[in-house]
Undergrad: 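I am attaching a structure below and will ask some questions about it afterwards.
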Protein chains: 2
Amino acid sequence: MKLSVKSDYAARAVLSLARNHSKGRVMKVEELAAENGIPANYLVQILIELKSRNIVRSVRGKEGGYLLARLPSEITLGQVLRCIHGPIFEADAASEPLYPPELREAWKKVQEGLDALTDSIHFEKLAEDGAAKRSMYYI
Amino acid sequence: MKLSVKSDYAARAVLSLARNHSKGRVMKVEELAAENGIPANYLVQILIELKSRNIVRSVRGKEGGYLLARLPSEITLGQVLRCIHGPIFEADAASEPLYPPELREAWKKVQEGLDALTDSIHFEKLAEDGAAKRSMYYI
DNA sequence: TCACTCTTAACGGAGAGTTTCACGCCCCGG
DNA sequence: CCGGGGCGTGAAACTCTCCGTTAAGAGTGA
């Protein structure tokens, strides 16, 4: 099972926005794309999905761009992943009537555990970690 | 992110084998396939992968078939998933030099957590749960 | 030898994921 | 009020993995 590029792009974009959140600066799509090596036109679609889930916010017109819709401490990796991929561990065959119930429960348990795990990682911490690591080079 | 049918098939097949493990009975591919609604010819490929990872064992010739290679208590859902899918949460872009290290670590943390979670579910328990649930209908 | 089973490799359709393109819309400054 | 610079949206093209099928090979017991 591979983490799709799309959710990786989404996570990187949100991280970039989290870094600039304290400055209150809006970031253009081009900026986000160049900074993370993401195709700009693809990133637009991702940002729209993130916006519909109230993770980012957009400002139109000249001087427009994107910023976080909420505090970095309120945005988790799990929210971003579920926004892009829906339920993270979904066995669609599990709805069949003759499907072994014990397995269905096992999948559900994994799903819930994964949700809890990814929701424990929020972007405030990620942005801080990145800043700390980067500042070490200046000591 | 969807659980692929392939790993679902694998889990169901191993579960069937776990149920019959105490009886020491071998199961033919056709049997496993019919019992779980899996295309037989596809299941063969899955069983071969499971065999190469020492999860199941095969007996050739007439009266041949498949059985577990180890005790049901020693086989976990995580082993089956990793056998089919490799590392469960792999961000291949994470090896790029300019990739944010804090994100790379976050993915790693998720991966390790998921491995621990899926390895905590072994097939002995699953088979018991299924048997208990089925016996309730006979009370 | 024959019947039965697993073993292995190769093929192709279907569908999702990725990327690009074109055009419409909205807001601000002049 | 109008035009440029940004976002918004949908659709087409392309790639690639997944899923399933087919067919020929090889081991085992009767």
Side-chain angles (χ1 to χ4, degrees), chain A residues 1-13 17 25-34 36-69 81 83-88 90-93 96, chain B residues 1-13 17 25-34 36-69 81 83-88 90-93 96:
Chain A
M1 175 171 321
K2 249 183 355 196
L3 177 64
S4 81
V5 216
K6 192 174 181 181
S7 39
D8 185 43
Y9 287 168
R12 279 199 268 176
L17 291 174
R25 190 162 75 82
V26 302
M27 295 187 72
K28 289 186 288 190
V29 172
E30 290 292 345
E31 234 178 318
L32 281 168
N36 294 297
I38 303 173
N41 290 320
Y42 191 30
L43 182 56
V44 168
Q45 302 173 26
I46 297 172
L47 286 168
I48 290 181
E49 290 185 57
L50 290 171
K51 182 181 155 191
S52 75
R53 289 290 208 93
N54 197 36
I55 293 175
V56 305
R57 198 156 55 83
S58 70
V59 178
R60 295 179 85 148
K62 204 164 174 169
E63 308 292 308
Y66 281 92
L67 32 82
L68 293 186
L81 286 179
C83 171
I84 302 299
H85 275 37
I88 300 194
E90 181 180 48
D92 42 3
E96 291 170 9
Chain B
M1 174 170 322
K2 248 182 358 195
L3 179 63
S4 81
V5 233
K6 192 174 180 180
S7 39
D8 185 44
Y9 287 168
R12 279 200 269 175
L17 292 175
R25 190 163 75 81
V26 302
M27 296 187 71
K28 288 185 289 189
V29 172
E30 289 293 345
E31 232 179 319
L32 281 168
N36 293 297
I38 304 175
N41 291 320
Y42 190 33
L43 182 57
V44 167
Q45 302 172 26
I46 297 173
L47 287 169
I48 289 185
E49 290 186 57
L50 289 171
K51 183 182 152 192
S52 74
R53 289 290 208 94
N54 197 37
I55 293 175
V56 305
R57 196 155 57 84
S58 70
V59 178
R60 297 178 85 152
K62 205 163 174 170
E63 307 292 308
Y66 281 91
L67 32 84
L68 293 187
L81 286 178
C83 172
I84 302 299
H85 275 36
I88 300 194
E90 179 180 51
D92 42 3
E96 292 171 9

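Residue numbering restarts at 1 for every chain, and letters A, B, ... go by the order of the sequence lines.
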Undergrad: Sequence neighbours excluded, which residues qualify as side chain to side chain donor-acceptor pair (under 3.5 Å) partners of Glu31(A)?
TA: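 Expected list: Arg25(A).
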Undergrad: Considering only residues two or more places apart or on different chains, which pairs with a residue in residues 37-46 of chain A satisfy side-chain hydrogen bond (donor to acceptor under 3.5 Å, both in side chains)?
TA: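 Qualifying pairs: none.
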Undergrad: Heavy atoms within less than 4.0 Å of DNA chain C: which residues of residues 42-58 of chain B have one? Give them sorted by number.
TA: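 Those residues whose heavy atoms fall under 4.0 Å from DNA chain C, taken from residues 42-58 of chain B in numerical order, are Val44(B), Gln45(B), Ile48(B), Lys51(B), Ser58(B).
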Undergrad: With sequence neighbours excluded, tell me which residues meet side chain to side chain contact (heavy atoms under 4.5 Å, CB included) with Ala10(B).
TA: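 Result, side chain to side chain contact (heavy atoms under 4.5 Å, CB included) vs Ala10(B): Ile46(B), Leu50(B), Val80(B), Ile84(B).
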Undergrad: Between the base of dC28(C) and the side chain of Arg60(A), is there a donor and acceptor pair under 3.5 angstrom?
TA: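 Donor-acceptor pair under 3.5 Å: no.
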Undergrad: Could you tell me from which nucleotide to which nucleotide of DNA chain D, 5' to 3', there is an atom under 4.0 Å from chain B heavy atoms?
TA: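 Answer, 5' to 3': dC19(D) to dT28(D).
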Undergrad: If the helix axis at each end comes from five base pairs, how far does the helix from dT18(C)-dA13(D) to dG30(C)-dC1(D) deviate from straight, to 10°?
TA: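 Between the axes fitted at each end of the helix from dT18(C)-dA13(D) to dG30(C)-dC1(D) lies an angle of 0°.
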Undergrad: If I take atom CD1 in residue Ile84(A) and atom P in nucleotide dG17(C), what distance separates them, rounded to the nearest angstrom?
TA: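 Atom CD1 in Ile84(A) sits about 11 Å away from atom P in dG17(C).
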Undergrad: In chain order, what residues pass the side chain to side chain contact (heavy atoms under 4.5 Å, CB included) check against Val26(B), with sequence neighbours excluded?
TA: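 Result, side chain to side chain contact (heavy atoms under 4.5 Å, CB included) vs Val26(B): Val59(B), Leu67(B).
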Undergrad: Would you mind reading off the distance between Leu3(B) atom CG and dA16(C) atom C1', rounded to a whole angstrom?
TA: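 Result: 16 Å.
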Undergrad: Write down the distance between NZ (Lys28(B)) and C1' (dC4(C)), rounded to a whole number of angstrom.
TA: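 Whole-Å distance recorded here is 8 Å.
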Undergrad: Output all residues satisfying side chain to side chain donor-acceptor pair (under 3.5 Å) with Arg57(A), sequence neighbours left out; order by chain, then residue number.
TA: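 With neighbours one apart ignored, the set is empty.
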Undergrad: Would you please name every residue forming a side chain to side chain donor-acceptor pair (under 3.5 Å) with Glu30(B), sequence neighbours left out?
TA: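 So Glu30(B) forms no side chain to side chain donor-acceptor pair (under 3.5 Å) with any residue.
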Undergrad: For Lys62(A), give me all partners under side chain to side chain donor-acceptor pair (under 3.5 Å), at least two apart in sequence or on another chain.
TA: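 Listed in chain order: nothing, the list is empty.
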Undergrad: For Glu49(B), which residues count as a salt bridge (Lys or Arg N to Asp or Glu O under 4.0 Å) partner, sequence neighbours excluded?
TA: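 Result, salt bridge (Lys or Arg N to Asp or Glu O under 4.0 Å) vs Glu49(B): Lys6(B).
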